[in-house]
Structures are given as C-alpha cells and as structure tokens.
Amino acid sequence: MLTALEVVTTVVVGVMVGVEFSVAFVINPILNALPEDSGQLGRAHGGRTLGALMPFWYIGSLVLSAVWAVAGWHHHGTGLVVTAAALLIVSVIMSLLLLVPINNRSKTWTPENRPADWKEQMNRWDRFHYIRVAVIIAAFALLVTALT
C-alpha cells in the first residue's frame, strides 16, 4: 500500500509541476505575445480556470506527501519526503500571500476595467510564479529521490 501511495503522490506532484512549468514558460509567453487585448483576456480566463483548480491540487499534493511521510516514517527516504512536504507548504504560503491576491484581481479584468498598472502586476505575478515553480520542482525532485 505504501508503494501505491508513493507512486500516486509522485505522479500528482509531477503533473502539478508540469502544469505550473507550462504556465510559466509556455502559456504566459504565448499570451504576452498576442496582439491588443487578447493576452490580458487570456490571462484573466486562465486565472479563473486554474485559480479554481490549483488550490485543490496544491493542498492535495501536500496532504499526500504528509501521509506518505507518516506512513513511511521508518522507511528509507522519509527525511526527503518531509523536506518535500515542507517545500509544498512554502509553495502554498507563497500562493496565498503573493500570487492569489494578484490573481483574484486580474481574473476580473477586462480591457475596460483593468488598472493602469496591470502589466506591472502581471510581471510581479510572473516573478513570484517563477520562484514557486522552482520550489515545487525541488519538492518533486526530493519525492522522486525518496523512491529510490
């Protein structure tokens, strides 16, 4: 049963990393290159879509990691899993304090109601997101290493 938990946790976190990596390095650069208001409208839609899904994914990943750490407490690699869970906690805290407030504002913007500094706010979100992606990649790497 522990092996199944380890695999499920690693896959769930790995797919989350893939989605967030794609947002940072594929989707947002594409949206930023679109003409006129298309990119801002796309980012607002993405903020609504992923903003509804990602809290469950982040918390679910953290819970799975914590359960793995507890269930495998006396097994090899538990320290790595605990460290990965700590990094996932950091990612959740970063999300709540830094990214979610910007996302909550930006997902309601239209070309008619967006603030004058909307591009600066999107750039700030991107910078925080790059850091969060690095944190969750590190957590994923630790979970993969714990499997060996």
Side-chain angles (χ1 to χ4, degrees), residues 4-72 77-147:
L5 175 63
E6 293 168 345
V7 170
V8 168
T9 303
T10 305
V11 169
V12 167
V13 173
V15 174
M16 181 179 72
V17 166
V19 168
E20 294 291 35
F21 186 91
S22 175
V23 167
F25 298 104
V26 178
I27 302 301
N28 283 348
I30 289 170
L31 292 174
N32 291 342
L34 291 175
E36 299 173 15
D37 298 321
S38 300
Q40 184 265 308
L41 291 170
R43 285 180 75 127
H45 180 67
R48 287 187 299 273
T49 304
L50 288 174
L53 172 65
M54 296 315 285
F56 299 103
W57 212 338
Y58 273 82
I59 297 299
S61 296
L62 174 56
V63 168
L64 285 169
S65 298
V67 171
W68 176 359
V70 170
T78 301
L80 297 171
V81 178
V82 169
T83 305
L87 288 172
L88 291 172
I89 290 170
V90 168
S91 74
V92 168
I93 292 169
M94 285 182 65
S95 297
L96 292 172
L97 296 179
L98 303 172
L99 290 117
V100 168
I102 297 170
N103 190 64
N104 284 343
R105 289 190 302 272
S106 69
K107 69 185 182 182
T108 65
W109 293 342
T110 65
E112 294 78 29
N113 72 0
R114 66 186 178 211
D117 70 339
W118 73 273
K119 286 185 181 180
E120 293 168 22
Q121 291 189 53
M122 290 295 86
N123 288 334
R124 188 176 320 118
W125 188 94
D126 287 341
R127 287 190 304 273
F128 292 143
H129 184 65
Y130 295 143
I131 296 166
R132 180 175 62 179
V133 168
V135 168
I136 64 174
I137 287 172
F140 176 64
L142 290 168
L143 293 175
V144 170
T145 304
L147 289 173

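These values consider heavy atoms only, across backbone and side chains, with no hydrogens, waters or symmetry-generated copies. Predicted model only: the values in this text are computed from it and were never measured.
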Peer 1: Working to the nearest 0.5 Å, report the span between OH of Tyr58 and CG of Leu53.
Peer 2: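 So the OH of Tyr58 and the CG of Leu53 are separated by 10.5 Å.
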Peer 1: Going by the side-chain contact (heavy atoms from CB on, under 4.5 Å) test, name the single residue among Val15, Val13, Val17, Thr10 that passes it with Ser61.
Peer 2: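 Of all the options given, the one that passes is Val13.
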Peer 1: Once you round to the nearest 0.5 Å, how far does CG of Leu64 lie from CH2 of Trp68?
Peer 2: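 Answer for the CG-CH2 pair, Leu64 versus Trp68, is 10.0 Å.
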Peer 1: Quick check for you: to the nearest 0.5 Å, what is the distance between Thr108 atom OG1 and Asn103 atom CG?
Peer 2: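 Nearest 0.5 Å value for the OG1-CG distance: 10.0 Å.
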Peer 1: Using every non-hydrogen atom in the two residues, find where Ala69 and Val82 come nearest and quote the distance to one decimal.
Peer 2: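 Shortest heavy-atom separation between Ala69 and Val82 comes out as CB-CG2, 3.9 Å.
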Peer 1: Angle class for the Trp118/Trp109 ring planes (parallel below 30°, perpendicular above 60°, tilted otherwise)?
Peer 2: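 Correct class here is perpendicular.
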Peer 1: Under a 4.5 Å cut-off applied to non-hydrogen side-chain atoms, are Pro115 and Gln121 in contact?
Peer 2: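 When only atoms from C-beta onward are counted, Gln121 and Pro115 do touch, with a gap below 4.5 Å.
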Peer 1: Any idea which heavy atoms bring Gly42 and Leu31 closest together, and the distance?
Peer 2: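 Closest approach of Gly42 to Leu31, heavy atoms only: C-CD1, 3.9 Å.
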Peer 1: Could you tabulate the donor-acceptor pairs under 3.5 Å formed by side-chain atoms of residues 86-99, not counting sequence neighbours?
Peer 2:
residue	atom	partner	partner atom	Å
Ser91	OG	Leu88	O	2.7
Ser95	OG	Ser91	O	2.8
Ser95	OG	Arg132	NH1	2.6

Peer 1: Are the side chains of Lys119 and Gln40 in touch, meaning some heavy atoms are under 4.5 Å apart?
Peer 2: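 Contact flag for Lys119/Gln40 side chains = no.
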Peer 1: Minimum heavy-atom separation for Ser65 to Ala85, with atom names?
Peer 2: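 Scanning both residues completely, I find the closest heavy atoms to be CB-CB, 4.0 Å.
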Peer 1: Could you tell me whether a side-chain N or O of Asn32 sits under 3.5 Å from a main-chain N or O of Asn28, the two making a donor and an acceptor?
Peer 2: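 Side chain of Asn32 to backbone of Asn28: a pair is present.
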Peer 1: CG of Asp37 to CD of Glu112: how many Å apart, nearest 0.5 Å?
Peer 2: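 Here the rounded value is 7.5 Å.
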Peer 1: Per the side-chain contact (heavy atoms from CB on, under 4.5 Å) rule, which among Val8, Val7, Thr9 passes with Leu5?
Peer 2: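 Among the candidates, only Thr9 passes.
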Peer 1: Please set out all donor-acceptor pairs under 3.5 angstrom arising from side-chain atoms of residues 133-144, sequence neighbours excluded.
Peer 2:
none

Peer 1: Restricting to non-hydrogen atoms, name the atom on Leu34 and the atom on Gly39 that form the minimum distance, rounded to 0.1 Å.
Peer 2: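 Shortest heavy-atom contact: CB-N, 3.9 Å.
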Peer 1: Given side chains that start at C-beta, do those of Met122 and Ser106 come closer than 4.5 Å, heavy atoms only?
Peer 2: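 Heavy-atom side-chain distance check passes, below 4.5 Å.
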Peer 1: His129 vs Trp125 aromatic rings, parallel, tilted or perpendicular, using cut-offs 30° and 60°?
Peer 2: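 Ring orientation of His129 relative to Trp125: parallel.
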